[in-house]
Amino acid sequence: MNTFKKTTLALAVFTLASGAIAQTAPAPAPAPTASPITANITITNDYRYRGISQSNFLPAIQGGFDYAHESGFYIGNWNSSISWLSDQNSGSSAPIEMDFYGGYKKELIGPGFVTDIGVLQYYYPTTNYT
C-alpha cells in the first residue's frame with residue numbers, strides 16, 4: 001500500500017473516531033407527571049375466585065378505576081361480568097360483580113413497612129332473586 005493511501009485511510013479513521021467522541025448525549029426528556037387516576041381492563045377466558053368459576057367457564061370482561069392521593073388516601077371500583085347466580089337460580093340474574101374499596105396506605109411505622117387500612121364491599125345488582 002502506498003503512503004498516500006495509508007495517510008488517507010488513517011486520516012479518515014481519525015476523523016470518524018474524533019467525530020464520535022465529540023458528540024454529546026442528548027439531555028434526557030423530563031419524566032411525565034404521574035396521574036392520581038389509573039384504569040385497567042382485562043378479558044379473561046374464565047373468571048375464577050378461590051378456584052371456583054364465576055363466569056361458568058366462559059370468557060369475562062373486567063375493568064376498574066382507581067384514585068390514589070399523595071397523602072395516602074385511595075378509592076376505587078373494579079367490575080367483572082359473571083354468570084353463576086343465574087346458573088344456580090333460574091329466573092334471577094346478576095350479570096356483574098362490582099367491588100368498591102377505599103382506604104389509607106402509608107409508611108406509618110417506619111421506612112419499608114407500609115400500613116394499609118381499608119374497606120372492601122362486593123355488590124351484585126340482581127333482578128328476580130328469590
Side-chain angles (χ1 to χ4, degrees):
M1 201 184 226
N2 66 24
T3 308
F4 178 74
K5 287 184 181 179
K6 288 181 185 178
T7 306
T8 306
L9 181 60
L11 190 59
V13 170
F14 176 76
T15 304
L16 290 173
S18 63
I21 294 171
Q23 293 179 2
T24 58
T33 57
S35 171
I37 299 174
T38 58
N40 60 74
I41 188 165
T42 304
I43 297 177
T44 182
N45 63 343
D46 182 24
Y47 169 35
R48 290 181 172 255
Y49 180 70
R50 296 185 180 176
I52 300 171
S53 177
Q54 304 294 302
S55 60
N56 196 21
F57 304 102
L58 297 172
I61 186 164
Q62 305 169 333
F65 295 94
D66 300 303
Y67 171 80
H69 191 265
E70 61 187 25
S71 67
F73 169 76
Y74 65 90
I75 189 168
N77 167 254
W78 182 83
N79 307 290
S80 180
S81 60
I82 61 170
S83 67
W84 58 265
L85 185 60
S86 60
D87 297 337
Q88 293 178 2
N89 189 351
S90 63
S92 64
S93 175
I96 188 168
E97 171 187 329
M98 303 173 76
D99 302 351
F100 300 97
Y101 51 90
Y104 184 76
K105 183 177 181 178
K106 203 71 166 176
E107 289 182 345
L108 297 176
I109 297 174
F113 190 82
V114 177
T115 303
D116 187 345
I117 301 168
V119 295
L120 169 64
Q121 175 67 50
Y122 299 113
Y123 177 64
Y124 301 92
T126 59
T127 58
N128 301 326
Y129 184 71
T130 56

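Put simply, Ile43 and Ile41 are part of the same group of oily side chains (I, L, V, M, F, W, Y) that touch within less than 4.5 Å, one to the next. Follow the hydrophobic side-chain contacts under 4.5 Å out from Tyr122 and you reach Tyr101 in the same cluster. Both Ile75 and Ile37 sit in one connected hydrophobic cluster of ILVMFWY residues. Membership requires side-chain heavy atoms under 4.5 Å apart, directly or through other members.
Heavy-atom neighbours of Tyr67 OH from other residues, nucleotides or ligands within 6.0 Å: above the threshold of 12.
Identified under the ring pair (Phe, Tyr, Trp, His ring centres under 6.0 Å) test for residues 29-57, with sequence neighbours left out: Tyr47-Trp78. Here salt bridge (Lys or Arg N to Asp or Glu O under 4.0 Å) pairs that include residues 29-48, with residues two or more places apart or in two chains, are Asp46-Arg48.
With hydrogens and angles ignored, the 3.5 Å screen pairs a side-chain donor or acceptor of Ser83 with a backbone N or O of Ser55. Under the 3.5 Å distance criterion, the side-chain polar atoms of Glu107 are matched with a main-chain donor or acceptor of Gly112. Checked by atom type and distance alone, the side chain of Asn79 never pairs as donor or acceptor with a backbone atom of Met98 at under 3.5 Å. Proximity of a side-chain donor or acceptor of Thr42 to a complementary backbone N or O of Gln62 within less than 3.5 Å is not detected.
Minimum interatomic distance between Ser80 and Ala60 (heavy atoms only, all atoms of both residues): OG-CB, 4.1 Å. In this structure, Tyr74 and Tyr104 approach most closely via the heavy-atom pair CE2-N, 3.5 Å. Between Ile96 and Ile82, the closest heavy-atom pair is N-CG1, 3.7 Å.
Remark: Ser71 engages His69, Phe73 in a side chain to side chain contact (heavy atoms under 4.5 Å, CB included) (not counting sequence neighbours).
Taken from OG1 in Thr38 to CZ in Phe65, the straight-line distance is 9.5 Å, to the nearest 0.5 Å.
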